[in-house]
Amino acid sequence: MVKITDVARHAGVSPSTVSYVLSGKRSISEETRRRVRESIRELGYRPHAGARALASSRSNVLALMIPLRSGIAVPVVMQFAVSVVTAARRHDHDVLLLTQEEGEDGLRRVADSALVDALIVMDVQMKDPRLPLLRSLDRPSVLIGFPADAEDLTCIDLDFHAAGAVCVEHLAELGHREIALIGSPPEVYERQTQTVPRVPVYQHRSQRSRRPAREMRGGQRSAGSATGDRHRPH
DNA sequence: AGAAAATGTCAAACACGCAA
DNA sequence: TTGCGTGTTTGACATTTTCT
């Protein structure tokens with residue numbers, strides 16, 4: 001195995017200089033940097049992840065907890081996962097995947113053992129049981145979804161308000177006057193994932209004096225269809 | 001010539017297994 | 001129980017170069 005000392009000897013510098021070339025945390029002259037990079041390439045050096053974690057107290061690994069169960073659109077989850085992995089690689093990090101089944105124990109395991117530097121948690125619910133734990137850990141975390149009590153947490157989500165507005169404006173401009181919103185499956189509502197109840201029902205300004213937009217939850221039959229009042233997008 | 005900036009090196013530290 | 005070895009990072013220090 002090629003070590004940093006081998007690279008240093010080959011390039012005629014000290015190991016610390018090699019380390020600084022790799023991390024970019026200090027300025028190194030162009031000529032020295034070129035020599036070190038050349039030696040790294042020639043020798044095929046790859047830093048030892050364990051030794052690096054030992055010295056820096058950082059693993060360069062992020063945990064991503066994804067939901068995998070009924071009612072979850074796996075392709076959508078995978079889009080998030082791929083984005084996380086791609087962005088992590090751009091910053092020289094890798095991603096450790098956890099399923100939601102592992103729950104708080106899983107999060108505690110990877111955080112307390114220093115297996116990961118930070119945690120990303122998907123499918124956050126209004127009253128999510130994982131929140132007290134995430135607050136207590138000495139690792140930063142980011143939630144995808146907004147819980148009820150989010151003041152001290154870092155949360156992100158899609159802009160459903162903007163998405164709803166854009167959809168309604170678009171359909172209204174095409175001349176549609178009755179618009180139905182078909183929501184998620186019933187179990188998503190039962191679980192009270194934060195984003196779903198907050199999906200706004202928009203009315204285009206031209207139809208405010210007319211009938212309101214209606215929302216249909218996934219898997220439900222519309223009341224209108226039972227009575228002959230059809231909410232048909234047209 | 002002296003100060004400041006740039007560059008390079010040294011040595012301690014990290015967590016843990018293993019041998020003495 | 002103690003000390004060593006592992007590979008790397010990083011704060012502190014030393015040396016060289018550049019600027020005023």
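These numbers come from the heavy atoms of this one structure, side chains and all, not from hydrogens, waters or symmetry mates. To find a chain, count down the sequence lines: A is the first, B the second, and so on, and within it residues start at 1.
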Asks: At less than 4.0 Å, is any side-chain N or O atom of A:R52 found next to OP1 or OP2 of C:dT9? Yes or no.
Replies: yes

Asks: Atom CG of A:L54 and atom P of C:dG5: how far apart are they, to the nearest Å?
Replies: 16 Å

Asks: At under 4.0 Å, does any side-chain N or O of A:S16 touch on OP1 or OP2 of B:dT9?
Replies: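 Looking at the OP1 and OP2 atoms of B:dT9, neither is under 4.0 Å from any side-chain N or O of A:S16.
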
Asks: Regarding B:dC10, can its base be found pairing with the side chain of A:S14 as donor and acceptor, where the two atoms are less than 3.5 Å apart?
Replies: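 Donor-acceptor pair under 3.5 Å: no.
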
Asks: Counting only side-chain heavy atoms from C-beta out, which of C:dT10, C:dT8, B:dT7 sits nearest to A:K3?
Replies: C:dT8

Asks: Would you kindly give the CD1-to-C1' distance between A:I4 and B:dG8, to the nearest whole Å?
Replies: 14 Å

Asks: Quickly work out the A:I28 CD1 to B:dT9 C1' distance and round it to whole Å.
Replies: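 Value for this atom pair: 10 Å.
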
Asks: Give the cluster check for A:L174 versus A:I179: same hydrophobic cluster or not, with ILVMFWY residues linked at side-chain heavy-atom distances below 4.5 Å.
Replies: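 No: no chain of side-chain contacts under 4.5 Å links A:L174 to A:I179.
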
Asks: Would you kindly give the CZ-to-C1' distance between A:R26 and B:dA5, to the nearest whole Å?
Replies: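 It works out to 11 Å between those atoms.
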
Asks: Which is true for A:T32 with a 4.0 Å heavy-atom rule: it touches a base, it touches only sugar-phosphate, or it touches nothing?
Replies: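 Counting heavy atoms under 4.0 Å across all strands, the contact made by A:T32 is with sugar-phosphate only.
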
Asks: May I ask you to say what A:S57 touches in the nucleic acid, namely base, sugar-phosphate or nothing, with a heavy-atom cut-off under 4.0 Å?
Replies: nothing

Asks: Hey, is the side chain of A:S29 poking within less than 4.0 Å of OP1 or OP2 on B:dG8, counting only N and O atoms?
Replies: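 Yes, such a contact exists.
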
Asks: Would you indicate which nucleotide in B:dT7, B:dT9, C:dG7 comes nearest to any side-chain atom of A:A55?
Replies: C:dG7

Asks: Give the rounded distance in Å between these two atoms: CD of A:E31 and C1' of B:dA6.
Replies: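 Roughly 16 Å, once rounded to whole Å.
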
Asks: Both A:A51 and A:T17 contact DNA chain C. Taking the nearest nucleotide for each, which residue is further toward the 5' end?
Replies: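 Nearest-nucleotide comparison on DNA chain C picks A:A51.
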
Asks: Quick one: which of C:dT10, B:dT7, B:dA15 gets closest to the side chain of A:S56?
Replies: C:dT10

Asks: In whole angstrom, what separates A:R58's CZ from C:dT8's P?
Replies: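 My rounded result for the distance is 17 Å.
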
Asks: Will you find, in the side chains of A:S83 and A:T86, an N or O donor that is under 3.5 Å from an N or O acceptor?
Replies: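 No, no side-chain donor-acceptor pair sits under 3.5 Å.
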
Asks: To the nearest 0.5 angstrom, please state how far the CG atom of A:L115 sits from the CZ atom of A:R139.
Replies: 9.5 Å

Asks: Can you tell which of C:dG11, C:dT8, B:dT7 lies closest to the side chain of A:S27?
Replies: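 Nearest nucleotide to the side chain: B:dT7.
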
Asks: Please report the distance, rounded to the nearest Å, between CZ in A:R34 and C1' in B:dT7.
Replies: 17 Å

Asks: Has the side chain of A:R37 got a donor or acceptor atom that lies under 3.5 Å from a matching backbone atom of A:R41?
Replies: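 Not a single qualifying donor-acceptor pair exists.
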
Asks: May I ask you to evaluate whether A:Y20 reaches the phosphate of B:dC10, defined as a side-chain N or O under 4.0 Å from OP1 or OP2?
Replies: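 Indeed not, no polar side-chain atom of A:Y20 lies that close.
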
Asks: Only one of A:V116, A:L64, A:V82 forms a side chain to side chain contact (heavy atoms under 4.5 Å, CB included) with A:V95, so which one is it?
Replies: A:L64

Asks: Let's see if you can work this out: which of C:dT8, B:dT9, B:dC14 has an atom nearest to the side-chain heavy atoms of A:V13?
Replies: B:dT9

Asks: Measure CZ/A:R35 against P/B:dT7 and give the value in whole Å, please.
Replies: 13 Å

